[in-house]
Amino acid sequence: MSYFTQIMEPKIQFNTAPLPLDDIAALTKDQNIIKMYANGFQSQLTLGDANIILKQNNASIGVLILSLSAVKSLHTQLGLIMESYTKSVGEEILSFEELLAKAQKKNLSDGK
């Protein structure tokens, strides 16, 4: 095996297993970890990445830049989280788009 082949050989490790709750609690308390609360977002796609602009009360507070593979995995994981929430609580969380459509439908039926 050549030196070039050794350098170029991918050494990617995937860990899609959920973190134990103790680890998540420790991460949220870790002063070296950046934490943000967002109640909205915008997204932008490039040829190789996706930018997620985090928003709080409609003000931009951060940008998360992910590879497209990471976005696809995040999409899957978030779907599983929402499915788990719905099963355990018995209520479905509506998206912003669903809430807006519901409000517009109610306003139309109320004659507003």
Side-chain angles (χ1 to χ4, degrees):
M1 183 181 312
S2 72
Y3 175 74
F4 182 74
T5 306
Q6 290 174 343
I7 293 175
M8 298 304 291
E9 214 171 272
K11 295 181 180 172
I12 300 172
Q13 296 178 350
F14 294 102
N15 185 359
T16 58
L19 285 173
L21 290 178
D22 291 349
D23 290 346
I24 294 170
L27 284 173
T28 59
K29 294 175 185 169
D30 187 336
Q31 297 298 315
N32 297 315
I33 300 290
I34 298 170
K35 294 167 270 307
M36 290 186 231
Y37 169 78
N39 56 11
F41 67 93
Q42 286 180 298
S43 57
Q44 179 184 37
L45 183 65
T46 68
L47 287 177
D49 297 311
N51 302 315
I52 301 170
I53 298 100
L54 301 174
K55 299 209 166 240
Q56 191 176 82
N57 301 325
N58 215 26
S60 298
I61 60 167
V63 178
L64 178 62
I65 303 166
L66 297 170
S67 70
L68 297 180
S69 294
V71 169
K72 189 163 185 175
S73 294
L74 178 63
H75 173 267
T76 301
Q77 291 296 315
L78 291 175
L80 292 171
I81 288 170
M82 295 308 297
E83 183 180 315
S84 175
Y85 177 87
T86 301
K87 283 181 182 175
S88 63
V89 175
E91 295 220 8
E92 186 174 335
I93 301 292
L94 299 178
S95 69
F96 290 131
E97 296 81 9
E98 292 167 326
L99 287 169
L100 183 59
K102 194 172 187 177
Q104 287 173 340
K105 185 177 178 181
K106 181 169 177 16
N107 286 341
L108 288 175
S109 68
D110 290 348
K112 295 180 182 176

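Residues: numbered from 1 along the sequence shown. Reckoned from all heavy atoms, side chains included, excluding hydrogens, waters and symmetry mates.
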Exercise for the section: Could you point out which residue of N51, L74, D49 forms a side-chain contact (heavy atoms from CB on, under 4.5 Å) with L66? Expected result: L74
Problem - Donor-acceptor pair, side chain of S84 and main chain of I81, under 3.5 angstrom - result: no
Handout entry: Hydrophobic cluster identity match, I34 and L27, side-chain contacts under 4.5 Å
Key = no
Handout entry: Non-neighbouring partners of S69 that pass side-chain contact (heavy atoms from CB on, under 4.5 Å), sequence neighbours left out
Key = S67
Exercise for the section: Treat each ILVMFWY residue as a node, draw an edge where side-chain heavy atoms are under 4.5 Å apart, and state whether I61 and I52 are in one component. Expected result: yes
Exercise for the section: Measure the NZ-CD distance between K87 and E92 for me, rounded to the nearest 0.5 Å. Expected result: 13.0 Å
Problem - Closest approach of K55 to S60 (non-hydrogen atoms, all atoms of both residues) - result: NZ-OG, 3.2 Å
Exercise for the section: Tell me whether I53 is reachable from I65 by hopping between hydrophobic residues (I, L, V, M, F, W, Y) whose side-chain heavy atoms are closer than 4.5 Å. Expected result: yes
Practice task
Identify the two heavy atoms, one from Q56 and one from Y37, that lie closest to each other, and give their separation to 0.1 Å.
Solution key: NE2-O, 2.8 Å
Problem - Heavy atoms of other groups near N39 CG, more than 12 under 6.0 Å - result: yes
Handout entry: Hydrophobic cluster membership, L64 vs L78, 4.5 Å side-chain cutoff
Key = yes
Problem - Residue list, side-chain contact (heavy atoms from CB on, under 4.5 Å) with S88, at least two apart or on another chain - result: none
Problem - M82 reachable from V89 in the ILVMFWY side-chain graph, under 4.5 Å edges - result: yes
Exercise for the section: Would you mind reporting whether T86 and I93 have side-chain heavy atoms less than 4.5 Å apart? Expected result: no
Completion exercise
Taking every heavy atom of L68 against every heavy atom of A50, the minimum-distance pair comes out as CD2-N, 4.1 Å
Handout entry: Under 3.5 Å donor-acceptor, K35 side chain and K29 backbone
Key = no
Handout entry: Note: E98-K102 ion pair, threshold 4.0 Å (strictly below)
Key = no
